> 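Just passing along the structure, written as structure tokens.
Per chain, numbering begins at 1; letters A, B, ... match sequence-line order. Note that the coordinates shown come from a computational prediction; the quantities given were computed from them, not determined experimentally.
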Amino acid sequence: MAQTSTEDRHFQLIDADYFRQDSGPVIRLFGRTDDGKSICCHVAGFEPYFYVNTDDDLEVISERIREKLNLTNKSGKIKKVEVVQRFEPIGYQKTMKPMLKVFTHDPGNVPEIRDDIAEIAGVKAVYEADILFRTRYLIDNDFHGMRWLKGKGKKINPSGYACDEILELFEVKETERKAPADLKYFAFDIECLPEDGNMPTPDRSPIIMISMSFNPVFEGKDTIVLIAKPVDGMDNDVEACADEATLLKRFFEIFRKYDPDVVTGYNSNGFDVPYIAERVKVLNNSGHDIDSAVGRDRRPLSYRKIGTQTMVSIPGRVVVDTLPIIRQQFSLKRYTLRNVSQELLGREKLDVSADEMEEHWNDDGEKLRKFVDYARRDSELALELILELKLLDKYIALSQVSGTIIQDVVSGGQTNMVEQLLLTEFGKHKRVIPSKPDDKTSAERRHLNESLKGGAVLEPKKGLHENVLVLDYKSLYPTIIMAHNLCYTTVVEDGNYNDEDVISSPTGARFVKPDIQKGIVPTVLEKLMAQRSETKRRMKKTTDENEYRVLDATQLALKILLNSFYGYSGYARARLYSLEMASSVTAIGRENISRTEKIICDEIGTVVLREGQAFLKDEVLITPKDRLVDLSVVYGDTDSVFVHCMSPEGREFTEEEFSLEDSELVGKKVASVVTASLPDPMELEFEAVAKRVLLVAKKRYAQWLFEPGPQGWTDKIKVKGLETVRRDWCELTSKMLNQVLEYVLKEGNISKAVEHVRQTVNRVRNLDVQHDAEIMDDLILTKSFSKSASSYKNRQPHLTVVEKLKRRTGVHPPIGERIPFVITAGKGLFVDRAEDPEYVKEHNIQLDVDYYIQKQMLPPVERILGVFGVDVATLDHDSKQKGLFDFTNASKESDNFITKNHEREEKPQVNGSNSQSSLFDF
DNA sequence: GTAAATGCCTAA
DNA sequence: TAAGTTAGGCATTTAC
């Protein structure tokens, strides 16, 4: 005889939602168990609710609510109303006030009831009425996405599910388990025949192939390619289907059978999913019965268009389109699958061009096989991108740390995560949170934000410097918030507070001190920071490579979250917005960096090196054996200062005089002196030393950096803001400039740099596109097509190309796409001469060599070498006229430029009359 | 002719 | 249910 048995299950929480039952809503928790089963757990008994705030008598307001809802026929939809004590969201308050907590029977009724209540006279505000029911459940129970839950319940067997086990839970709690479950990954990609060279549309063009990739394998196979026509002699992972409908049915069958946790594809949200969903509609309308159930609740495949974006969600699973993820995480010039695979995986995409497709499809032999291989490779690549690049690690960690369901982390921004953390902590402190602002409120806030100033950027002392210490503040904005108790909940509006009870920011805003009341944001940040320290501690301890990776993702997630709160506080669409808080953070930051500069230059000024230790001048009596180091701040941006170390005579040190270890001693001494003057937990850190640094402009510099590490010093060249890191310059510029920077920074050899530029210029001057295809690729520029063509006010080269492309092929690139172009020879504006590189290659069109030399190559390099007195005439030196001979002679004398520089006791200046130019005889 | 506006992309 | 923030350099087009 069957008996009710209690089951215990551990599972990692992948998704959550709810469904309605007569007895009330039931939460569903989806996950993968420790023994590899997919599971769905039902939790009954959680009630939807929200808060109502009023300054009137609660009885009166309750009565008005009853009347109003009777009037609109909704009174039966309210389950109960309680009086509770809560704090209002904004501002320091000594005591709570009574508010109404309204419970409803159905989460779906909350919006209409809320709107009714909001209209009632005397109702000041409605709080937390726009929080998804499943989010409310997770927050109130402190359950986090992708963490492990332990559920106790009984097995049930309702219809309408596509997972291994369904449990009705009596009890559920979070457990400590950390190791990730073995998730199942599924990637897919469809092929359709283009129509007369045009993009296929789902109302006309059938799907002819679907390729799928699996990890772990499905029935022993890594990939399966479905093909919508009967054909023999294909590889054994190819399944021939009678027709398109059969193919789609088989696709969904495999999908359900495999039961993946993660569903992925390259641009799958933008193309494949909508296409499949539309084809299913078309076919089913003409008499087919394709069951497109893919959800763990057997919900059919669906998508929603919000603006230009397509949202896809599949209950119980995570949908990850790798294209937007890769866009976000990697700065590349192009995001075609071909380019991304090449750059990030080192793998080639196979290709059958659009105009060859029909021919390949109609073949039954080699050509069809080639087409199949191409299709197969695309889903393989999508899967490889997500697995090899470990794209999900970061999102899993963010979900675990913030609590947000992983799908919302993957497809949403920072707002979701910050709000989940704030809702949790506000709840614990019995404070309510406002609803999302309406468009009018956000517009007002955006207007207010015009007064919000950001970080300070110190004027760089332009030129080349040696022995520059790089000091930066560890998590500057979070530590400012903690140190000054800046919070929505501590800000005081009125003057009824003693000066000793409040902290005033440079903006004049006032916040109560933590001993009066500690802010909620500082509390959250402290918790996150403590977790991060603990995570880093465990990273040092572990020997397990996988655990290390997980911990590293966790600490990175914590860092991202720590740094999200400042931006959120000044975000116009945030539930919690505080211009006072945001401007105080940046104002304190600005004051801090200029104070830091002063301490280093004026108060410290000189550091004394003696027997492996660094001292301040007034800490010791200086003897002749001591070495003195003069300090000056040559640059700084928001949270960093670059400190130049020089001899007391004002010249650069030689190698023998000043080592990396000396730098470190000085750097650490300076950092500790500054830190000692700051409130906890603000901390200035010694990060690295630049043996040489070239400061070009604000936010533009290059360093030859040495960083201390466990295996001693490691060196690298780090470039910020210069053309080598910008994607709107051609590759040739980056390559050339990188080489120039290397010669200048590592060798101090200007001559070599000049020579390299001359050679590159000459190569371009004698450019022959036909015979030098390689350099042609290096001349391609890209720019992002960032808004609808009609909203551009000026003409732009990439728009020219977009228009040409559209005219020629009918294909209109989507907003967000990066458009490649070259500038062709001719007269008039550049914008008229921008052209699609493919078209140029096909038609053998001449490029505007002069444009490339005068506009792409010389200006960036002149900005750098101009510091040493090198001018355009020198760089664009025509070898036939002058010959390299003079120059080569000059360069011999000055190979070791840096030594000469020391002798002259003079630093290079930009275009200055006392620049290095006299060292060379160009 | 030059100054202002526009657009892009980066640093933090 | 779309979207953290400001500071800043630079090239090019457009307005004057």
Side-chain angles (χ1 to χ4, degrees), chain A residues 130-132 135 304-313 324 328 331 333 405 407-408 411-419 436 439 442 445-446 449-460 472-473 475-477 560-579 581-583 585-587 589-590 593 635-640 696-701 718-729 781-787 791-800 816 818-819 823 828-834 851 854-856 859-860 863:
Chain A
D130 56 353
I131 295 161
L132 290 185
T135 309
R304 274 176 312 156
K305 281 247 189 273
I306 297 175
T308 55
Q309 251 183 298
T310 310
M311 305 276 278
V312 179
S313 72
Q328 222 192 345
S331 176
K333 289 194 170 151
I405 283 294
Q407 184 70 70
D408 292 348
S411 45
Q414 295 175 21
T415 310
N416 275 333
M417 298 185 282
V418 170
E419 288 186 345
K436 295 214 159 138
D439 288 353
S442 351
R445 289 173 176 180
R446 253 190 299 281
N449 268 15
E450 283 165 19
S451 73
L452 173 52
K453 298 268 171 287
V457 187
L458 304 182
E459 194 58 51
D472 62 8
Y473 280 91
S475 302
L476 179 68
Y477 286 178
I560 292 170
L561 290 173
L562 278 165
N563 286 325
S564 297
F565 282 80
Y566 154 69
Y568 179 82
S569 71
Y571 173 42
R573 307 195 83 115
R575 288 170 189 277
L576 287 159
Y577 164 87
S578 172
L579 185 56
M581 184 173 158
S583 8
V585 172
T586 53
R590 290 191 299 274
I593 195 166
Y635 183 57
D637 186 347
T638 310
D639 63 352
S640 68
V696 179
K698 282 180 174 180
K699 297 187 188 284
R700 302 186 133 233
Y701 59 86
K718 190 171 176 180
V719 181
K720 292 290 186 179
L722 299 178
E723 288 75 5
T724 56
V725 299
R726 290 186 64 95
R727 291 176 290 179
D728 49 358
W729 289 80
L781 308 163
T782 63
K783 270 187 201 289
S784 154
F785 174 46
S786 61
K787 49 188 178 181
S791 40
Y792 278 95
K793 292 181 180 164
N794 282 351
R795 303 193 56 210
Q796 298 280 339
H798 53 308
L799 291 189
T800 308
R818 297 190 62 84
I819 312 295
I823 301 296
L829 296 176
F830 298 132
V831 70
D832 294 320
R833 292 186 275 124
Y851 166 83
Q854 299 302 328
K855 299 291 179 180
Q856 284 286 314
R863 276 191 282 272

> B:dG7 phosphate, OP1 or OP2: any side-chain N/O from A:His798 under 4.0 angstrom?
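So the side-chain polar atoms of A:His798 never come under 4.0 Å of the phosphate oxygens OP1 or OP2 of B:dG7.
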> Please state whether the rings of A:Tyr477 and A:Tyr566 are parallel, tilted or perpendicular, taking 30° and 60° as the class boundaries.
perpendicular
> With sugar-phosphate meaning primed atoms plus P, OP1 and OP2, does A:Leu829 contact a base, only sugar-phosphate, or nothing at under 4.0 Å between heavy atoms?
sugar-phosphate
> Mind checking if A:Lys699 touches a base, just sugar-phosphate, or nothing, with heavy atoms under 4.0 Å?
base
> Taking the minimum atom-to-atom distance to the side chain of A:Val457, which one of B:dT10, C:dC10, C:dA7 wins?
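It is C:dA7.
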> Categorize A:Phe565 for me: base, sugar-phosphate, or nothing, with a 4.0 angstrom heavy-atom threshold over every strand shown.
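Answer is nothing: A:Phe565 stays at 4.0 Å or more from every strand.
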> Which is true for A:Lys436 with a 4.0 Å heavy-atom rule: it touches a base, it touches only sugar-phosphate, or it touches nothing?
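Sugar-phosphate only.
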> Could you check if a side-chain atom of A:Ser583 sits within less than 4.5 angstrom of a side-chain atom of A:Lys453, using non-hydrogen atoms only?
no
> Is A:Tyr701 close enough to B:dA12 that one of its side-chain N or O atoms is under 4.0 Å from OP1 or OP2 there?
yes
> Please determine, for the side chain of A:Lys720, which listed nucleotide (C:dA11, B:dA12, C:dG9) has the closest atom?
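Output: B:dA12.
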> Side-chain N or O of A:Thr415 less than 4.0 angstrom from OP1 or OP2 on C:dG4?
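Answer is yes, contact under 4.0 Å.
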> C:dT6 phosphate, OP1 or OP2: any side-chain N/O from A:Thr586 under 4.0 angstrom?
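So the side chain of A:Thr586 is outside the cut-off, no N or O lying under 4.0 Å from OP1 or OP2 of C:dT6.
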> Answer with base, sugar-phosphate or nothing: what part of the nucleic acid does A:Gly307 contact at a heavy-atom distance below 4.0 Å?
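No contact at all - A:Gly307 keeps every heavy atom at 4.0 Å or more from the nucleic acid.
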> Taking for each residue the nucleotide of DNA chain C with the nearest heavy atom, is it A:Asn794 or A:Arg590 whose nucleotide lies nearer the 5' end?
A:Arg590
> Figure out the CD/C1' separation between A:Gln856 and B:dC8, and round it to whole Å.
13 Å
> For the side chain of A:Ser578 and the backbone of A:Ser569, is there at least one donor-acceptor N/O pair under 3.5 Å apart?
no
> A:Leu132 has a side chain; which of B:dT6, C:dT1, B:dT10 sits nearest to it?
C:dT1
> Checking all strands, does A:Val418 fall into the base, sugar-phosphate, or nothing category for heavy-atom contacts under 4.0 angstrom?
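A:Val418: no heavy atom of the nucleic acid under 4.0 Å.
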> Confirm from the modelled atom types if A:Arg727 and B:dC9 form a donor-acceptor pair under 3.5 Å, side chain to base only.
no
> Between the side chain of A:Thr800 and the main-chain N/O of A:Gln796, is any donor-acceptor distance below 3.5 Å?
yes
> NA contact type, A:Gly454, heavy-atom cut-off 4.0 Å: base, sugar-phosphate, or nothing?
sugar-phosphate
> Distance check needed: B:dA12 C1' versus A:Lys698 NZ, whole Å only.
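Atom NZ in A:Lys698 sits about 13 Å away from atom C1' in B:dA12.
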> Return whichever of A:Ala697 or A:Arg446 has its heavy-atom-nearest nucleotide of DNA chain C closer to the 5' end.
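Mapping each residue to its closest nucleotide by heavy atoms, the 5'-most match is A:Arg446.
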> Hey, does A:Phe785 reach any base, or is it just sugar-phosphate, or nothing, if we go heavy atoms under 4.0 Å?
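A:Phe785: no heavy atom of the nucleic acid under 4.0 Å.
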> Which one, B:dT6, B:dA12, C:dA2, comes nearest to the side chain of A:Ile306?
C:dA2
> Search all heavy atoms of A:Trp729 against all heavy atoms of A:Lys333 and return the closest pair with its distance.
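So the minimum-distance heavy-atom pair works out to O-NZ, 3.2 Å.
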> Just N and O in the side chain of A:Arg573: are any of them under 4.0 Å from OP1 or OP2 of C:dA2?
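It does not, given that no N or O in the side chain of A:Arg573 lies less than 4.0 Å from OP1 or OP2 of C:dA2.
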> Remember a base hit wins even if backbone is also touched, and classify A:Lys787 as base, sugar-phosphate or nothing at under 4.0 Å, heavy atoms.
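Sugar-phosphate: the residue A:Lys787, judged by heavy atoms under 4.0 Å, touches backbone atoms but no base.
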> Taking CG from A:Leu476 and P from B:dA11, how many angstroms apart are they, rounded to a whole number?
19 Å
> Please check if atom CD in A:Gln854 has more than 12 non-hydrogen atoms from other residues, nucleotides or ligands closer than 6.0 Å.
yes
> Where each residue is assigned the nucleotide of DNA chain B containing its nearest heavy atom, which of A:Ser791 and A:Val719 is assigned the position nearer the 5′ end?
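Here A:Ser791 is the residue nearer the 5' end.
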> Just checking A:Arg818: base, sugar-phosphate only, or nothing, at a heavy-atom cut-off of under 4.0 Å?
sugar-phosphate
> State whether the distance check finds a donor on one side and an acceptor on the other, under 3.5 Å, for side chain A:Arg304 versus base C:dT1.
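Under the 3.5 Å cut-off, the side chain and the base do form a donor-acceptor pair.
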> Is A:Lys783 near enough to B:dC8 that one of its side-chain N or O atoms lies under 4.0 angstrom from OP1 or OP2?
no
> Hey, does A:Gln796 reach any base, or is it just sugar-phosphate, or nothing, if we go heavy atoms under 4.0 Å?
sugar-phosphate
> Among C:dG4, C:dC10, B:dT10, which is the nearest nucleotide to the side chain of A:Val725?
B:dT10
> From CG of A:Leu452 over to P of C:dA7, roughly how many Å is that when rounded to an integer?
7 Å
> For A:Ser786, report the nucleic acid contact type (base, sugar-phosphate, nothing); a contact means any heavy atom under 4.0 Å.
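Sugar-phosphate only.
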> What does A:Arg726 touch in the nucleic acid at a heavy-atom separation under 4.0 angstrom: a base, only the sugar-phosphate, or nothing?
base
> Using atom CD of A:Gln309 as one end and atom C1' of C:dA3 as the other, report the distance to the nearest whole Å.
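It works out to 9 Å between those atoms.
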> Would you kindly give the CG-to-P distance between A:Leu799 and B:dG7, to the nearest whole Å?
9 Å
> Are A:Ser784 and B:dC9 close enough that a side-chain N or O sits under 4.0 Å from OP1 or OP2?
yes
> Round to a whole Å and report the spacing from NZ of A:Lys453 to C1' of C:dA7.
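Atom NZ in A:Lys453 sits about 11 Å away from atom C1' in C:dA7.
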> Please report the distance, rounded to the nearest Å, between NZ in A:Lys718 and P in B:dA11.
10 Å
> Contact class for A:Tyr792 (heavy atom, under 4.0 Å): base, sugar-phosphate, or nothing?
sugar-phosphate
> Does A:Lys793 have more than 12 heavy atoms from other residues, nucleotides or ligands lying within 6.0 Å of its NZ?
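Counting neighbours around NZ of A:Lys793, 12 or fewer heavy atoms of other residues, nucleotides or ligands fall under 6.0 Å, so no.
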> Would you find more than 12 non-hydrogen atoms of other residues, nucleotides or ligands less than 6.0 Å from A:Lys855 atom NZ?
no
> Less than 4.0 angstrom between a side-chain N/O of A:Arg445 and OP1 or OP2 of C:dT5, yes or no?
no
